[in-house]
> 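Below is a structure I'd like to ask you about.
Given the structure is predicted, the values throughout are model-derived calculations rather than measurements. Positions are given from 1 along the sequence.
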Amino acid sequence: MLGEPRMVVIRHAVVFVFALLLSSHGGESSDVFTVESPSQSIEAAVGEDVDFFCPLTNEVSAEMMEVRWVYPERCSPSVVHIYRNGRDDNLKQDPYFRGRTEILTEDIGKGIVGLRLRNISASDKGTYLCQIQSKATFVQAALQLKVSEFKDPHVSSFYSHFIEGLHPSVELKCTPKGTSFKMDNGMYWSSTPNGIRGKKIRDHTCWFQVCQRNDGNVEITDYKGNYLSLDPHDYRKSIKTVKFRNQPYSQFEVQYENEKVLFKASNGLFLSRIYYLGIEIHTIEAQKNPKDVFSLFDLVSAYA
């Protein structure tokens, strides 16, 4: 029985000493905190921006902490964004996310840590980790992102076959510069002063970029930034390059078949490989309807 009062005294003494230590350090009891994980997944559509939030308990300010967003479903794992001591520190950021992320700082002083990810593609879906490190505490929360396709079938098809199939670029509705097209005979589209010709070895003249318009049609530019265009005055219906858009001849309807791509020109005919035996050239011309094997082209990634 004599031991009971001593234990009570010790217990109160410990509490007093702990409080005294906290007060001597400027009241940094807030350095002990947890993070709340959302109970539901976040949903976004392809092409939209999405905001992630992981609030800290007790409204602890995270402004001078290290906030690291990680996407473990890519190799390494992938660093999405780093915010440290009140500023961005993205030397280790994965190029996949470069130019598409932003730390939301409006309420970071209240412990609401946010990240904006722009121009969502289907390949962005999955788990994101919000990791917060103070001098004394490390916490982590997992957030799930679900990505739905656009309701517009043209836009949905464009993203699923171009953007997701290759590598998302930071430019909205465009493939990366350097995308190539392979013909049925294994040759590549090549931009020349005389039009689009077949080339056996892929080089810089085989690099193109495809950008989608709001109406679902696409525009194609070559490595010089010139637009591919149907030559309305050429009886062969050849595809030439022009410095400026030549509407509607620079617009093409895009279709997909068996993981290959087809382009229909403004004259209603599909682009196709045409072979001229006498001069031994393979050229791209808008000559086919219905489409055939010569109108089907393989997409080759800009990073291949």
> Partners of D49 by salt bridge (charged side-chain N to carboxylate O under 4.0 Å, His left out), sequence neighbours excluded?
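Once residues adjacent in sequence are excluded, D49 has no partner under the salt bridge (charged side-chain N to carboxylate O under 4.0 Å, His left out) criterion.
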> R197: which residues meet the salt bridge (charged side-chain N to carboxylate O under 4.0 Å, His left out) condition with it, sequence neighbours left out?
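Checked R197 against salt bridge (charged side-chain N to carboxylate O under 4.0 Å, His left out); zero matches.
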> Test of understanding: with side-chain hydrogen bond (donor to acceptor under 3.5 Å, both in side chains), list the residues that count as partners of Y227, not counting sequence neighbours.
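side-chain hydrogen bond (donor to acceptor under 3.5 Å, both in side chains) list for Y227, sorted by chain: R245.
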> Aromatic contact between F297 and F263, with the criterion being ring centroids under 6.0 Å apart: yes or no?
no
> Run the side-chain hydrogen bond (donor to acceptor under 3.5 Å, both in side chains) test against N194 and tell me which residues pass, sequence neighbours left out.
none
> Quick one: disulfide bond (SG atoms under 2.5 Å apart) partners of C130, sequence neighbours excluded?
C54
> Any non-hydrogen side-chain atom of F208 less than 4.5 Å from a side-chain atom of L228?
yes
> Mind checking salt bridge (charged side-chain N to carboxylate O under 4.0 Å, His left out) for K237 and listing every partner two or more places apart, or none if nothing turns up?
none
> Run the salt bridge (charged side-chain N to carboxylate O under 4.0 Å, His left out) test against K288 and tell me which residues pass, sequence neighbours left out.
D292
> Verify the ring-centre separation between W189 and F181: is it less than 6.0 angstrom?
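Yes.
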> Under 3.5 Å, which donor-acceptor pairs do the side chains of residues 101-111 form with other protein atoms, sequence neighbours left out?
unit_1: T101; atom_1: OG1; unit_2: H81; atom_2: ND1; d: 2.8
unit_1: T101; atom_1: OG1; unit_2: Q93; atom_2: NE2; d: 2.9
unit_1: E102; atom_1: OE1; unit_2: R118; atom_2: NH2; d: 2.5

> Using links of under 4.5 Å between side-chain heavy atoms of ILVMFWY residues, direct or through other members, which residues join I279 in one cluster?
I274, Y276, I281
> What heavy-atom pair brings E219 and Q247 nearest, and what distance separates the two atoms?
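Smallest heavy-atom distance, with atoms named: OE2-NE2, 3.2 Å.
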> At what distance, to the nearest 0.5 angstrom, does NZ of K243 lie from OG1 of T221?
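K243 NZ to T221 OG1: 14.5 Å, rounded to 0.5 Å.
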> Under a 3.5 Å distance rule, please check whether N289 uses its side chain to pair with a backbone N or O of G268 as donor and acceptor.
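Looks like yes, one N/O pair under 3.5 Å.
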> If we count only N and O atoms by modelled type, under 3.5 Å, do the side chains of N226 and T241 hold a donor and an acceptor together?
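The answer is no; no qualifying pair exists.
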> Sequence neighbours left out, what passes side chain to side chain contact (heavy atoms under 4.5 Å, CB included) with L91? Give chain and number order.
D89
> Atom CD of residue position E59 - does it have more than 12 heavy atoms of other residues, nucleotides or ligands inside 6.0 Å?
no
> Quick one: list whatever passes side chain to side chain contact (heavy atoms under 4.5 Å, CB included) with E257, sequence neighbours left out.
L262, K291, L296
> Measure the OG-CD1 distance between S191 and I284 for me, rounded to the nearest 0.5 Å.
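Nearest 0.5 Å value for the OG-CD1 distance: 12.0 Å.
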> For K199, check side chain to side chain contact (heavy atoms under 4.5 Å, CB included) against everything at least two apart and list the hits.
S190, D203, T205, C206
